[in-house]
Asks: 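The following block contains the structure, expressed as structure tokens.
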Amino acid sequence: MSLSIHWDYYDQVYRYGGVYGYEQMRKLCLDAKNAGVTSINFRVEGAGMSWVPTRSRPVFDRFDPKQCLDFADFSRAPASTAMIEERVNVGKIFKQTYEQIGNPLKVACDVAREVGLKLNIYICPLDQYWPGVPDSIVEKHPERCIMSRDGRHRLAVPSLAHEANRLWLLDYYREIFEQDFADVIVYSGSHAWYSYPLDVPDDWFGFEEQAVADYRDKTGIDVLKDPFDIDDYYRHYGTYWTALLKELSDMQRQRGHRLIVGMDMGPWQVYLPAKCGGPRCSWRVENDWRTWTSWGNVDLCVGHQVNMWEYEAWPGNQLPYMPGEPGRPPCEYINEMFGDAQARDFNLWSFLTLHKDRADTELPMAFEGTRRLGYDGLIIREAMDFEFDLGWDVLETRDQDEVSASSRG
């Protein structure tokens with residue numbers, strides 16, 4: 001069983017409180033490797049910030065407290081004073097980081113190669129805004145963000161129905177992919193879910209002008225005026241996500257590496273407000289994993305949005321459309337959805353969002369379930385927890401006789 005750990009560089013810098021450079025990265029990679037980790041996944045962007053210098057996109061080295069309020073109608077509450085102070089201070093540290101070490105991803109690639117640890121990256125195409133972060137595509141082009149059915153609200157999420165957004169993202173990723181890492185993990189989540197409105201109906205977003213027009217051209221149905229099948233429309237809406245994934249898959253094929261697509265168990269990827277008090281669906285797209293894996297260099301990672309290992313509060317923490325019932329959590333549905341492990345021609349990773357106060361329960365459960373159910377490996381979020389809080393020795397809860405076999409490809 002392969003073991004992979006997410007490495008959110010922003011969080012490392014924040015917790016370390018200073019320039020997180022070669023020595024710190026080397027220690028992290030050595031500690032991870034000695035704990036049985038087979039790959040570590042460097043996050044290159046998040047919440048509208050990039051921390052990898054490129055020609056096409058500014059890196060994060062400042063936070064503007066004057067712009068700390070969400071613009072337009074994207075938010076219900078201002079940023080807290082503590083958050084503003086944190087971002088301002090971390091921005092100063094990042095500025096020092098670029099002055100001292102240049103490109104953090106390049107240093108990470110060099111260090112991982114030196115210690116013999118596989119380095120991947122992970123990217124978040126929809127996570128392109130946070131209040132106070134300058135130069136975001138959302139702030140520059142709100143007209144290209146996800147829109148409500150009635151045309152009155154836009155979310156702080158770039159719509160992939162707009163080709164210009166896809167091209168902007170691909171230009172950035174193309175430069176990132178010039179670095180010497182291996183696989184790419186792509187997630188569809190966004191920090192903007194904290195600002196999704198709660199006082200709207202389910203399935204209320206994803207009706208941008210371009211998406212509506214494309215669906216009308218395809219079906220003859222105007223979803224803003226005519227009766228329509230919402231499932232069919234959201235399958236259409238998901239084709240824009242698939243189009244972006246195809247480009248990323250092709251780019252990875254040229255590099256000789258794989259693309260790992262994050263998704264939740266079930267037929268739909270659901271986007272819902274944070275802390276909404278129950279299952280809600282702002283919008284959704286089809287988890288078209290059969291198409292993605294047909295490209296030959298795509299693997300899947302399931303469970304990245306919620307804890308799929310245990311449902312203590314069933315059904316209050318269940319995502320809409322996700323399988324599960326008391327005594328049978330979503331992770332158990334692997335064969336019903338993806339078929340027997342021997343018949344699959346792609347790697348299937350399980351995911352654990354680790355809660356530090358429950359690590360003694362969650363880690364053994366995830367290790368045991370990953371092996372027993374036939375997943376090829378486990379991805380855990382995130383390195384910061386092990387480095388600063390739990391210690392790497394907590395990973396000894398795994399069966400050390402199960403030596404981390406390499407994934408296909």
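Here the structure is a predicted model, which is why all the values come from computation and not from measurement. All residue numbers in this chain count up from 1 along the given sequence.
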Asks: Going by distance alone, is a donor N or O of one side chain under 3.5 Å from an acceptor N or O of the other, for Y240 and E208?
Replies: no
Asks: Using modelled atom types and a 3.5 Å cut-off, is there a donor and acceptor pairing between side-chain atoms of D127 and backbone atoms of H191?
Replies: yes
Asks: Any donor and acceptor pair, going by atom type alone, linking the side chain of T38 with main-chain N or O of S2 inside 3.5 Å?
Replies: no
Asks: Would you say the ring centroid of Y196 lies under 6.0 angstrom from that of W283?
Replies: yes
Asks: Check whether T370 reaches the backbone of F367 with its side chain - one donor and one acceptor, N or O, closer than 3.5 Å.
Replies: no
Asks: Quick check for you: to the nearest 0.5 Å, what is the distance between W204 atom CH2 and S282 atom OG?
Replies: 12.0 Å
Asks: Roughly how far, to the nearest 0.5 Å, is the CE atom of M251 from the CD atom of E178?
Replies: 9.5 Å
Asks: S294 side chain to T291 main-chain N or O, any donor-acceptor pair under 3.5 Å?
Replies: yes
Asks: Hey, are the side chains of V212 and D222 touching, using non-hydrogen atoms and a 4.5 Å cut-off?
Replies: yes
Asks: Are Q254 and D250 close enough that a side-chain donor and a side-chain acceptor fall under 3.5 Å?
Replies: no
Asks: For the backbone of L245 and the side chain of S249, can you confirm whether one donor and one acceptor N or O come within less than 3.5 Å of each other?
Replies: no
Asks: Of the options K118, R255, R113, which is the one that meets D180 in a salt bridge (Lys or Arg N to Asp or Glu O under 4.0 Å)?
Replies: R113
Asks: Between side-chain atoms of residues 12-19 and protein atoms elsewhere (two or more places apart, or another chain), which donor-acceptor pairs fall under 3.5 Å?
Replies:
residue	atom	partner	partner atom	Å
Q12	OE1	M384	N	3.0
Q12	NE2	Y20	OH	3.2
Q12	NE2	E387	OE1	2.3
R15	NH1	D389	OD2	3.0
R15	NH2	D389	OD1	3.3
Y16	OH	Q24	NE2	2.9

Asks: Taking side chain to side chain donor-acceptor pair (under 3.5 Å) as the test, write out the residues that go with D203, two or more places apart.
Replies: R284
Asks: Is it the case that the side chains of Y22 and D110 hold a donor-acceptor pair, with the cut-off being a distance below 3.5 Å and no angle test?
Replies: no
Asks: Checking the side chain of Q252 only, and the main-chain atoms of A182 only, is there a donor and an acceptor separated by less than 3.5 Å?
Replies: yes
Asks: Test side chain to side chain contact (heavy atoms under 4.5 Å, CB included) on I40 and F42 and set out the steps.
Replies: CA-CA 6 Å; I40 194 163; F42 188 98; over 6 Å; no
Asks: Within the structure provided, determine whether T293 and L300 are in side-chain contact (heavy-atom separation under 4.5 Å).
Replies: yes
Asks: Can you confirm whether P142 sits close enough to Y129 that some side-chain heavy atom of one is under 4.5 Å from a side-chain heavy atom of the other?
Replies: no
Asks: Minimum heavy-atom separation for Q128 and P158, please, with both atom names.
Replies: CG-CG, 3.8 Å
Asks: Do the side chains of Y172 and E45 get nearer than 4.5 Å, heavy atoms only?
Replies: yes
Asks: Hey, are E209 and R216 close enough for a salt bridge, meaning a charged N less than 4.0 Å from a carboxylate O?
Replies: no
Asks: Between S350 and L378, what is the shortest heavy-atom contact and its length?
Replies: OG-CD1, 3.2 Å
Asks: Can you pull out every salt bridge (Lys or Arg N to Asp or Glu O under 4.0 Å) where at least one residue sits in residues 184-198? Sequence neighbours excluded, please.
Replies: none
Asks: Are the side chains of D214 and K218 in contact, using a 4.5 Å heavy-atom criterion?
Replies: no
Asks: Which residues pass the side chain to side chain donor-acceptor pair (under 3.5 Å) test with N165, not counting sequence neighbours?
Replies: R144
Asks: Closer than 4.0 angstrom, basic N to acidic O: yes or no for D135 and R62?
Replies: yes
Asks: Find out whether R372 and E332 are in side-chain contact, i.e. whether some heavy atom of one side chain is under 4.5 Å from a heavy atom of the other.
Replies: yes
Asks: Quick one: sort the F94 and F60 rings into parallel, tilted or perpendicular, breaks at 30° and 60°.
Replies: perpendicular
Asks: Once rounded to the nearest 0.5 Å, what's the spacing between atom CG of L126 and atom CH2 of W193?
Replies: 13.5 Å
Asks: Please work out which of the three classes, parallel, tilted or perpendicular, describes the rings of F177 and F181, given edges at 30° and 60°.
Replies: perpendicular
Asks: Quick one: does any side-chain atom of D376 pair with a main-chain N or O of L348 as donor and acceptor, under 3.5 Å?
Replies: yes
Asks: Quick one: does S190's side chain get under 4.5 Å of P125's, heavy atoms only?
Replies: no
Asks: I'd like to know if the side chain of N287 and the backbone of M265 have a donor-acceptor N/O pair within less than 3.5 Å.
Replies: no
Asks: Got W268 and E286 here, is their nearest side-chain heavy-atom distance under 4.5 Å?
Replies: yes
Asks: Output all residues satisfying side chain to side chain donor-acceptor pair (under 3.5 Å) with Y9, sequence neighbours left out; order by chain, then residue number.
Replies: none
Asks: Can you tell me how far CD1 of I123 sits from CG of L259, rounded to the nearest 0.5 angstrom?
Replies: 7.0 Å
Asks: Can a salt bridge be assigned to the pair R43 and D8 using a cut-off of 4.0 Å between side-chain N and carboxylate O?
Replies: yes
Asks: Indicate the atoms forming the closest heavy-atom contact of Q179 with L105, along with that distance.
Replies: CG-CD2, 3.6 Å
Asks: So that I can tick it off, tell me whether E99 and K95 are bridged by a salt bridge, with the cut-off set at under 4.0 angstrom between side-chain N and carboxylate O.
Replies: yes
Asks: What are the two closest non-hydrogen atoms of G206 and A211, and how far apart are they?
Replies: O-CB, 4.3 Å
Asks: Between W309 and F351, is there a donor-acceptor pair closer than 3.5 Å when you use the side chain of the first and the backbone of the second?
Replies: yes
Asks: With T353, which residues qualify under side chain to side chain donor-acceptor pair (under 3.5 Å), at least two apart?
Replies: none
Asks: As an exercise, state the distance from OG of S39 to CG of N120, rounded to the nearest 0.5 Å.
Replies: 5.0 Å
Asks: Quick check on the 6.0 Å ring-centre criterion: do H6 and Y187 meet it?
Replies: yes
Asks: What is the distance from atom CZ of R166 to atom CG of L170, rounded to the nearest 0.5 Å?
Replies: 8.5 Å
Asks: If you take the centroid of each ring, where Trp contributes its six-membered ring, are F386 and W392 closer together than 6.0 Å?
Replies: yes
Asks: Looking only at heavy atoms, what is the nearest atom pair of N347 and D299, with distance?
Replies: N-OD1, 2.9 Å
Asks: Between L373 and N335, what is the shortest heavy-atom contact and its length?
Replies: O-OD1, 4.5 Å
